J.: 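A single structure is presented below for examination.
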Amino acid sequence: MIYTTWPGSVEAEAAGHAIVADGLAACVNILPGMVSIYRWQGEIERANEVVMILKTRVDLAEAVAQAVRARHPYETPAVLFLPVIGGDADYLDWIADETEE
């Protein structure tokens with residue numbers, strides 16, 4: 001799974017749709033209504049954002065990260081790889097099937 005944040009739902013949905021359409025992720029979840037407080041260039045900042053969680057195969061993680069960065073408006077977007085250590089076998093198979101070339 002890959003975790004990232006976006007400034008709004010419109011941008012996140014457009015990117016998520018493109019990434020799924022390209023076969024890089026089987027599913028994208030977009031969770032609205034997050035407040036982020038962070039340090040940026042020496043200042044404490046606050047922003048309303050949305051969370052995006054992308055479900056993909058580990059061997060596609062870097063390609064997904066590149067696709068996120070290519071579509072993202074932030075200079076330094078949050079892109080974190082979260083390892084999946086298990087889960088429902090049928091669901092994991094579905095992710096693999098939906099991201100096969």
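Only heavy atoms go into these numbers, but all of them, side chains included; no hydrogens, no water, no symmetry mates. As the structure is a computational prediction, the values presented were derived from the model and not from experiment.
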J.: If you compare all heavy atoms of Val50 against all heavy atoms of Ala12, which two are closest, and at what distance to 0.1 Å?
T.: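 Of all heavy-atom pairs spanning Val50 and Ala12, the closest is CG2-CB, 3.7 Å.
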J.: State the NZ-CD1 distance between Lys55 and Ile95, to the nearest 0.5 angstrom.
T.: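 It comes to 6.5 Å.
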J.: So do Leu54 and Asn29 actually touch side chain to side chain, heavy atoms under 4.5 Å?
T.: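 Of all side-chain heavy-atom pairs linking Leu54 with Asn29, none is under 4.5 Å.
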J.: Considering non-hydrogen atoms only, spot the tightest contact between Ala67 and Leu24 and give its length.
T.: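 In terms of heavy atoms, the two residues are closest at CB-CD1, 3.8 Å.
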J.: How long is the gap from CD1 on Ile19 to OG1 on Thr4, to the nearest 0.5 Å?
T.: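 Rounded to the nearest 0.5 Å, the CD1-OG1 separation comes to 8.5 Å.
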J.: Measure the shortest side-chain to side-chain distance between Val51 and Ile53 over non-hydrogen atoms and say whether it is less than 4.5 angstrom.
T.: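 They are in contact (side-chain heavy atoms under 4.5 Å apart), so the answer is yes.
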J.: A side-chain contact here means heavy atoms from C-beta on lying under 4.5 Å apart; do Glu62 and Phe81 qualify?
T.: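 The answer is yes, as the side chains (C-beta and beyond) meet within the 4.5 Å cut-off.
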J.: A side-chain contact here means heavy atoms from C-beta on lying under 4.5 Å apart; do Ile30 and Glu13 qualify?
T.: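 In short, these two side chains touch, coming nearer than 4.5 Å.
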J.: If you measure from the Lys or Arg side-chain nitrogens to the Asp or Glu carboxylate oxygens, is any gap between Arg69 and Glu75 under 4.0 Å?
T.: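 No salt bridge links Arg69 with Glu75.
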J.: Do the non-hydrogen side-chain atoms of Ile2 and Val79 ever get within less than 4.5 Å of each other?
T.: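 Yes, their side chains come closer than 4.5 Å.
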J.: Roughly how far apart are Asp97 CG and Asp90 CG, rounded to 0.5 Å?
T.: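 Output value for this atom pair is 10.0 Å.
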J.: With the threshold set at 4.0 Å, does a side-chain nitrogen-carboxylate oxygen contact exist between Asp22 and Arg71?
T.: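 Looking at Asp22 and Arg71, the cut-off is met.
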J.: Tyr3, Leu31: one ILVMFWY side-chain cluster at the under-4.5 Å cut-off?
T.: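 Per the 4.5 Å side-chain linkage, Tyr3 and Leu31 are co-clustered.
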J.: Indicate, with yes or no, if Met1 and Leu92 share a hydrophobic cluster defined by side-chain heavy-atom contacts under 4.5 Å among Ile, Leu, Val, Met, Phe, Trp and Tyr.
T.: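 Yes; Met1 is reachable from Leu92 via cluster members.
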J.: With hydrophobic residues grouped by side-chain heavy-atom distances under 4.5 Å, do Leu80 and Val58 end up in a single group?
T.: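 Leu80 and Val58: separate clusters.
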J.: Taking atom OG1 of Thr5 and atom CE of Met34, what is their separation to the nearest 0.5 Å?
T.: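 Taking OG1 in Thr5 and CE in Met34, the distance rounds to 5.0 Å.
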J.: So, do Arg46 and Val35 sit near enough that their side-chain heavy atoms are less than 4.5 Å apart?
T.: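 Yes, close enough: below the 4.5 Å cut-off.
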J.: With rounding to the nearest 0.5 angstrom, report the CD to CH2 distance, Glu45 to Trp40.
T.: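 Spacing of CD (Glu45) from CH2 (Trp40) equals 9.5 Å.
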J.: Return the minimal non-hydrogen interatomic distance between Glu98 and Ala26, and the atom names on each side.
T.: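 Result for this residue pair: CB-CB, 3.6 Å.
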J.: Could you check whether any side-chain heavy atom of His72 comes within less than 4.5 Å of a side-chain heavy atom of Pro7, counting everything from C-beta outward?
T.: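 Sidechains of Pro7 and His72: in contact.
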J.: Among side-chain atoms of Glu49 and Tyr74, is any donor-acceptor pair under 3.5 angstrom?
T.: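 The answer is yes; a qualifying pair exists.
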J.: Heavy atoms, side chains only, cut-off 4.5 Å: are Pro77 and Trp6 in contact?
T.: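 Heavy-atom side-chain distance check fails, nothing below 4.5 Å.
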J.: Could you state the interatomic distance from CG (Asp88) to CH2 (Trp94), rounded to the nearest 0.5 Å?
T.: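 Taking CG in Asp88 and CH2 in Trp94, the distance rounds to 12.0 Å.
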